[in-house]
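To keep things clear, I will list the structure first and then write my remarks on it.
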Amino acid sequence: MAINNIYSAALMEHNAHPDYKYQMDNPDYQHEGVNPSCGDDIVLSMDVEDGVIKEIAFTGSGCAVSQSSTDIMSDLLTDKTVDEAYDLCSLFLKMIRGEVTDDKVLAKLGEAAQLKDISHMPARVKCAELGWRTCMTIIDDQIRGKKTA
Amino acid sequence: MTTEFVTPTTGASNTSTRDMLSKVIDIEGNPYKRDFPLLANNPQISFLDSAATAQRPKSVLDAQRDFYERLNSNPLRGLYKLSVEATAAVDEVREKVAKFINADSPDDIVFTRNATESLNLMAKSLGGSILKPGDEVVITIMEHHSNLIPWQQVCRQTGAKLVYMYPDKEGFLSDEEIETKIGPKAKIVSVAQVSNVLGVENPVKKIGERAHQQGAYFIVDGAQSAPHMHVDVKDIGCDAFAFSGHKMFSPMGIGVLWARKNILEKMPPMLTGGEMIESVTEDDAVWAELPHKFEAGTQDAAGIVGLGAAVDYINSIGMDRMEAREHALVKYLAEQLSQLDFVRIFGPKDPAQHTAVVAFNVCGIHPHDVASILDASDVCIRAGHHCAMPLMTWMGVHSTCRASVAMYNDKKDIDQLISGLKKVWAVFNGDK
C-alpha cells in the first residue's frame, strides 16, 4: 500500500484548510467522538430542519486522516436528509472495512470514495471512521432517539 | 570491520564506566542483529519501538520451544521425572532472576504475566490491606497507566488519596517536590525508575529514603529500567520491584514481582486456586509458602524458561556493554532529532539524560500521520499517548511520537528514521 495514495493532495487540502471546522452557535445536536487509542477527539455539531441537515461542523483535534475525513463527510452530508446521511455513513464504514469495493456503488460517497485505500491500512481505519461514526451516533441516539444494534 | 569494546562486566551500574564505554562503542557496527531472527530476516526494518516490546533472540525462542519439546509437564505437580525437571527449570530461572536484580532469595521472586500484573498485585494486595481513609499514595505524573490506575482504584476503594509528584519541564523531580509530596500521611510511594515517555531516570534512591523516613512502603516500576541498566534492589532500597520480561528479550506474558519477604508474607494472595495452597478444607485454605502463594494456577513455564534465556543472553553480552551501546545510540538519536528544525523533543535537553527513549513531535503533524508515513519507510516507532494520558495532559499535548532503542539497533536504524522524518515533512509541506 503506497502511503502517498492516502496522503493525496485533496486530503492534505482538507486537512490544512477544513471548510467545516468551526464552532456552531447553539447547534440542534452535538456529540463528542473519541478514539481512545490515538487520542483523536472531535465534537460534531448539526442543525436539522424538516429532516434535512442544514448545517454540520466540527471542532477538535486529530490526525490528518480523521480531520480531513470529517471535513469531507461534512461537505457530503450538508443538505442531505437524515436518512440519506445515515445510509451514506453506513456505506462509508463498509468501504473502510473493505466490505463494499464496487466503485459504482461507492461513487455515491463522492470525494470520500478516495479514502477507499484506507481499508488496506488497519491501523488507520478508526481515524477515517471517527467523524462518520460520530454522525451515526447523533442520528441514532439524538435524532431517532433510539439505539440500534 | 566491526569491533566492539570488550570489558568484563562489573556488578553495579557505573556512570563513568558507561560514559567511557559509550565513547568507544561503534554504533555503525552491529554484531547483535544476527541473534534476533525477526531483525536478521528483515534487514530493511528499522525497529525503534523496543520500549513497547523488544525483539527476542533465537536463544530465547529456542529455550521456549525446548521446554515444550523436552520438558513439557506441569511443574510442581507431577512426581515423575519430567515434572521434576520442569520444576527445576522454573526454580533455576527464579535464581537467575534474583541474581539479575540482586535480590537475596529466589523465594521472593513472584512470576506474573507482566509488570502490570505485578503492580496490580501490590496495589490490590498490599494497598488493599493497609490503606485507610486519609492515607496517601504518592506516584509521579509520568507513570505509565500500569502504575497509575491500580493506585487510583485502590484509593477509591479505601478512601486514600492519590498524590502526584510533578517534575520540571525537562522531567526532573526536585528534592523539594519529593519532600513536599511524600509527607507523614504517605503509606505507599510507587514510582517508575525510568519514564517510558520522557526517558528520564528518576532519583529512586532519594525517593526511597524519603518514603522510608515517612514510614511508607516504596515500590519501583522497573518496566523501562530493567532492560537497560543494572538493577540492584538493595542499592535502590525499595520494598518491591516490578518488571516485564517482554521488554527485555523474553517471550510475552511473563513478568516479575520482587518484594521483601516480610511484606510478601503479610500480603494476601490476589488470585487463589490451584498450586497456591498448602491445604484446603470445605471451609478454609492454608496458603502455600512464598512465592507459590502468589502463583495460582499453572504458570507459563515455557515463558519462564524463556525469561531465563533472556537473562543469560543479557549476561553473555554484559549489562555494562549493553548500557553503553544504548547510551551511545540514544545520544545519537536525540542529537539527530534535534538537528531537524521541525521536530520538538520532549524530556531532558541533554541527550545523555534519555534512557533508551526519545519522545518528539513533528510541528503541525499528528503523531499518527508521522508513524504511518514512517511505516512506508519501514521505520517502526510508537505514536500515541504511550499509556500515560495524565502525563500527556500535563505536557499539554494529545500524543507524541516515540523512538526507542535497544542494543540491537545501530546508526543505520536511526539514520533511516531521520530520512523518514524528512519525507514526512515533505508529504505535508512539499520539498521546501
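Just so it is clear: chains get the letters A, B, ... in the order the sequence lines come, proteins before strands, and each one is counted from 1. On a predicted model such as this, the values are computed, not experimentally measured, just so you know.
- What you find for His368(B) and Tyr7(A) is that their closest heavy atoms are O-OH, 4.4 Å.
- Enclosure of atom CG in Asn26(A) is not indicated, since only 12 or fewer non-hydrogen atoms of other residues, nucleotides or ligands lie within 6.0 angstrom.
- For Glu49(A), the CD atom is loosely surrounded, since the number of other residues' heavy atoms within 6.0 Å does not exceed 12.
- Crowding of Arg113(B) atom CZ: a count of heavy atoms from other residues, nucleotides or ligands under 6.0 Å not exceeding 12.
- Identified by a heavy-atom distance below 4.5 Å to chain B, the contributing residues of residues 55-64 of chain A are Ser61(A), Gly62(A), Cys63(A), Ala64(A), in residue-number order.
- Summarising the local packing, CG of Asn41(B) is surrounded by more than 12 heavy atoms from other residues, nucleotides or ligands at distances under 6.0 Å.
- To the nearest 0.5 angstrom, Ile118(A) atom CD1 is 8.5 Å from Ser372(B) atom OG.
- In this structure, chain B has no heavy atom under 4.5 Å from any part of Asp41(A).
- The local environment of NZ in Lys33(B) is crowded, with over 12 non-hydrogen atoms from other residues, nucleotides or ligands closer than 6.0 Å.
- At a cut-off of 3.5 Å, with distance as the only test, a side-chain donor of Asp40(A) or His366(B) sits close to an acceptor on the other residue.
- Residues Met121(A) and Asp375(B) have side chains not in contact (no heavy-atom distance under 4.5 Å, counting atoms from C-beta outward).
- Between Asp369(B) and Arg124(A) there is a salt bridge, since at least one side-chain N of the basic residue sits less than 4.0 Å from a carboxylate O of the acidic one.
- In Lys412(B), the NZ atom is crowded: over 12 heavy atoms of neighbouring residues, nucleotides or ligands sit closer than 6.0 Å.
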